[in-house]
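Right, one structure below, let's go through it.
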Amino acid sequence: MSAETVKATRRADRRILIFVACYNEVGNISALLDAIVAVAPTADILVVDDSSPDGTWEVLQDKRRQYIQLTTVRRPRKLGVGSAHKYGVRYAIREGYDLLLTMDADFSHDPKYIPAILAEAGPNIFVTGSRYCEGGSCDYTGYRNFVSRAGNVAARLALGLNLKEYTTFFRALDVQSLRALPLRELKSSGYAYGVQLIFLLWRNGVALKEVPIHFADRVHGRSKIPKVQIIRSAVDLGRLAFQRLFRRKPGTPERLVPDACAICGDRVLVGKYAASRRAETTSDARAFRCTSVGTSRSIPAVYVCLACGHQQVPPSQIPECLETLYADVVDETYLRNLAAREKTFRRSLRRIDEWFPDKGSMLDVGAFCGLFVREAIDHGWTAEGVEPSRWAADYARRQMGVRVFDGYLAANRARLQPTYDAVVSWDVLEHVRDPLAFVKECGGFLQPGGMFCFSSLDVDTWFPRLLGRRWPWLMEMHLHYFDRHGIRHLLDLAGFDLVAAETYPHYASLPYIFERGIGAIAPALAPAARSIAKLVPRWTLAVSFGDVKLYAARKRA
């Protein structure tokens, strides 16, 4: 190892993090890590693996035992190269590094260039390894060569910068410069993320430099760039060109939260939605009623975990008195739509019956006013429930004539059976502090093979994507926003196998739909909508936009 190498990697005692994103790189990753350590022995290394099925993770664990400076993160599914780099950026900021160097895992980026790139890096300077500047070269031929060169020309025209290289991830970034960026504006999770990052750095006055490299074609494995990324990248470039031409002002730097993800425990969370008027509602039980949708456009801060993809309200921003708020809920409006709610539960019960040839015992967790417990009993089940709202549990006992206990599962353990044939929970999972602990607790009331049936939001459908911040279910009392992948991952961690997932319609009377719908779109018109709703025919309709799902899961041995 030369003196120049040591000088480049340790200059001014800089803390350096080398980041690598990988997927199916079992043939490359071991040799790559050896080569990185050889040229940058004092740098820390972070590798993010998207659950490679080829054995990459097992190789990484062997290398962790060999190199103390290596940190590895395994994500539950393929979340994308852009998302992985977002993780690396925020990890470097959180851990207080001075420089972040990123590179690919397939030896397209030869580690021998690391000292040269680091030598040019410094405060307020961005350095990229370049195939297309003077002295650089590339092994690509044919179609791949055309796409690469065309992409870089398009990026140069869109951004109006004098760089020759935009699309490689072999680059060094000043972490202090990253702290000043509005990182939330980096929306892309694909390869366009790298171009967007250059644009933000330039807009914030960061100097841009290039170091010539030879870009080698991979030896092992095959390229994993989806063709759809080319289309998405073109759209993103058009958006960046628009921002440059109209001189859009830089946004405010992103404030990282220290919270751990409720599902995987990782602490790299990125903001998706900023809180809106949160302080007005977090101490008021009225905001936590079942029917509070449409009564206010107050929304919580929603963050995405870059390690597992789960969307959530950070624990530090959940009301400390959450359990008390739910205990104090009184929701007379809920009673105005009882007939339609009974129809909703009747349909759910028919679906459950398909998995139970012989009806047995059932526990309803979050039973509210006891409507589902009543339906289950009427259809041959032995059913009871628990409900935090004292008002709702009292209504269930007095008006519905069913056993529903006040409070939460842990406090009612002595009153309940040791196990049940089925545990159900309707529209509850998104409300609890710790969904994983909640599902495990529900599983504790089941024998192996028992069924857990529940409904929850699905944020990865057309309706929430279309409405964004105006999605009606984006509200104070919803703390977690799952998609189908997140639900499967949650159930797997809790010891369940997903058996079925399907759309979960809610039935509602036409006047109720009118009143709630107007309230959700224009909260200021809610009082007028309530008066007009009295004139609307009282028909009952099934309402479903695909953003609420019914799930059935079987407890593993």
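Atom set for the values below is all heavy atoms of this structure, side chains included, hydrogens, waters and symmetry mates excluded. Note that the coordinates shown come from a computational prediction; the quantities given were computed from them, not determined experimentally.
Side-chain contact of His310 with Tyr481: a donor-acceptor pair under 3.5 Å is absent, judged by distance alone. With hydrogens and angles left out, the side-chain atoms of Arg184 and Thr252 include no donor and acceptor closer than 3.5 Å. With hydrogens and angles left out, the side-chain atoms of His506 and Ser544 include no donor and acceptor closer than 3.5 Å. No side-chain donor-acceptor contact under 3.5 Å links Asp49 and Thr56.
Contact between Lys555 and Gly443 at its shortest, heavy atoms only, is NZ-O, 2.8 Å. Residues Val432 and Leu429 approach most closely at CG2-O, 3.4 Å, considering heavy atoms. Closest approach of Cys308 and Ile263 over heavy atoms only: SG-CB, 4.3 Å. Scanning both residues, Ser425 and Val365, for their nearest heavy atoms gives OG-O, 3.0 Å. Val48 and Ala84 get closest at one heavy-atom pair: CG1-CB, 4.2 Å. Between Gly265 and Ala260 the shortest heavy-atom distance is O-CB, 3.5 Å.
Of the possible donor and acceptor atoms, none in the side chain of Glu476 sits under 3.5 Å from a partner among the backbone N and O of Phe288. A distance-only check finds no donor-acceptor pair linking the side chain of Glu95 to the backbone of Tyr97 [under 3.5 Å]. Distance alone, capped at 3.5 Å, is enough to place a donor-acceptor pair between the Arg465 side chain and the Asp460 backbone. A donor-acceptor contact shorter than 3.5 Å links the side chain of Ser52 to the backbone of Asn24. A donor-acceptor distance shorter than 3.5 angstrom exists from the side chain of Ser389 to the backbone of Val329, with no hydrogens or angles considered. Here the side chain of Ser348 pairs a donor or acceptor atom with the backbone of Thr344 at under 3.5 angstrom. Between the Ser455 side chain and the Asp427 main chain, a donor and an acceptor come within less than 3.5 Å of each other. Using modelled atom types, one side-chain atom of Arg171 and one backbone atom of Gly194 make a donor-acceptor pair closer than 3.5 Å. Side chain of Arg75 to main chain of Gly309: no donor-acceptor pair is present (N/O by atom type, distance under 3.5 Å, no hydrogens or angles). Judged by distance alone, the side chain of His109 and the main-chain N or O of Asp104 form a donor-acceptor pair under 3.5 Å.
Relative to the six-membered ring of Tyr507, Arg341 misses at least one condition, a distance below 6.0 Å or an angle of at most 45° to the axis.
A side-chain hydrogen bond (donor to acceptor under 3.5 Å, both in side chains) with Glu375 is found for one member of Arg346, Arg347, Arg350 and no other, namely Arg346.
Between Phe545 and Phe463, the ring planes lie parallel to each other; the angle is under 30°, not in the 30° to 60° tilted range. Ring geometry for Tyr87 versus Tyr91: interplanar angle under 30°, hence parallel rather than tilted (30 to 60°). Taking the six-membered ring where tryptophan is involved, the planes of Phe445 and Tyr420 are tilted, since the angle between them lies from 30° to 60°. In this pair, Phe372 and Phe345 present their aromatic rings perpendicular. The plane angle is above 60°, beyond the 30 to 60° band.
Checked for salt-bridge contact, Asp483 and Arg77 meet the test: a charged N lies under 4.0 Å from a carboxylate O. A salt bridge does not link Asp50 with Arg74: every distance from a Lys NZ or Arg NE/NH1/NH2 to an Asp or Glu carboxylate oxygen is 4.0 Å or more. Ion pair Arg484/Asp458 not flagged as a salt bridge, since none of the NZ, NE, NH1 or NH2 atoms sits closer than 4.0 Å to an Asp/Glu carboxylate oxygen. Using a cutoff of 4.0 Å between basic side-chain nitrogens and carboxylate oxygens, Arg554 and Asp497 are not scored as salt-bridged.
Side-chain contact check for Phe170 versus Thr102: every heavy-atom pair is 4.5 Å or farther apart. Side chains of Cys22 and Val47 form a contact here, defined as non-hydrogen atoms less than 4.5 Å apart. Between Tyr408 and Glu323, the closest side-chain pair of non-hydrogen atoms falls below 4.5 Å. A 4.5 Å side-chain heavy-atom check between Leu349 and Arg351 finds every atom pair outside the cut-off. For the pair Trp473/Val548, a side-chain contact is recorded, criterion being any heavy-atom separation below 4.5 Å from C-beta on. Using a 4.5 Å heavy-atom threshold, the side chains of Cys369 and Tyr334 count as touching. Residues Gln317 and Val257 are in side-chain contact: their nearest non-hydrogen atoms beyond the backbone lie under 4.5 Å apart. Side chains of Leu197 and Leu178 form a contact here, defined as non-hydrogen atoms less than 4.5 Å apart.
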Tyr504 and Ser456: side-chain contact (heavy atoms from CB on, under 4.5 Å), yes or no, with the steps? CA-CA 9 Å; Tyr504 180 72; Ser456 188; over 6 Å; no

Dump the intermediate steps for side-chain contact (heavy atoms from CB on, under 4.5 Å) on Ile352 and Trp381, then the final yes or no. CA-CA 11 Å; Ile352 290 175; Trp381 288 85; 4.2 Å; yes

Please evaluate residues Lys272 and Tyr303 with respect to the criterion side-chain contact (heavy atoms from CB on, under 4.5 Å), reporting the C-alpha separation (whole Å), side-chain torsions for both, the decisive distance (0.1 Å), and the verdict. CA-CA 5 Å; Lys272 181 178 182 181; Tyr303 282 70; over 6 Å; no

Trp462 and Asp547: CA distance, side-chain angles, deciding distance, side-chain hydrogen bond (donor to acceptor under 3.5 Å, both in side chains) verdict: CA-CA 8 Å; Trp462 69 271; Asp547 53 349; over 6 Å; no

Let me see the working for Leu338 and Leu371 under side-chain contact (heavy atoms from CB on, under 4.5 Å), right down to the final yes or no. CA-CA 8 Å; Leu338 282 186; Leu371 273 66; 3.6 Å; yes

List the steps and the verdict of side-chain hydrogen bond (donor to acceptor under 3.5 Å, both in side chains) for Asp259 and Ser316. CA-CA 7 Å; Asp259 304 84; Ser316 63; 2.9 Å; yes

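With values rounded to the nearest 0.5 angstrom, Ile93 atom CD1 is found 5.0 Å from Leu183 atom CG. Atom CH2 of residue Trp355 and atom CG of residue Asp353 lie 10.0 Å apart, to the nearest 0.5 angstrom. One distance of note links CG of Leu498 with CG of Leu491; it measures 6.0 Å at 0.5 Å rounding. With values rounded to the nearest 0.5 angstrom, Leu490 atom CG is found 5.0 Å from Phe482 atom CZ. Here the CZ-CG distance, from Phe199 to Leu201, works out to 11.0 Å after rounding to the nearest 0.5 Å.
Listed by first and then second residue, the side chain to side chain donor-acceptor pair (under 3.5 Å) pairs that reach into residues 439-452 come to none, sequence neighbours excluded.
Note: Phe454 and Trp426 fail the aromatic proximity criterion, with ring centroids not under 6.0 Å apart.
Within 6.0 Å of atom CD in Glu502, more than 12 heavy atoms from other residues, nucleotides or ligands are found, so the atom counts as buried in its surroundings. Summarising the local packing, CZ of Arg90 is surrounded by more than 12 heavy atoms from other residues, nucleotides or ligands at distances under 6.0 Å.
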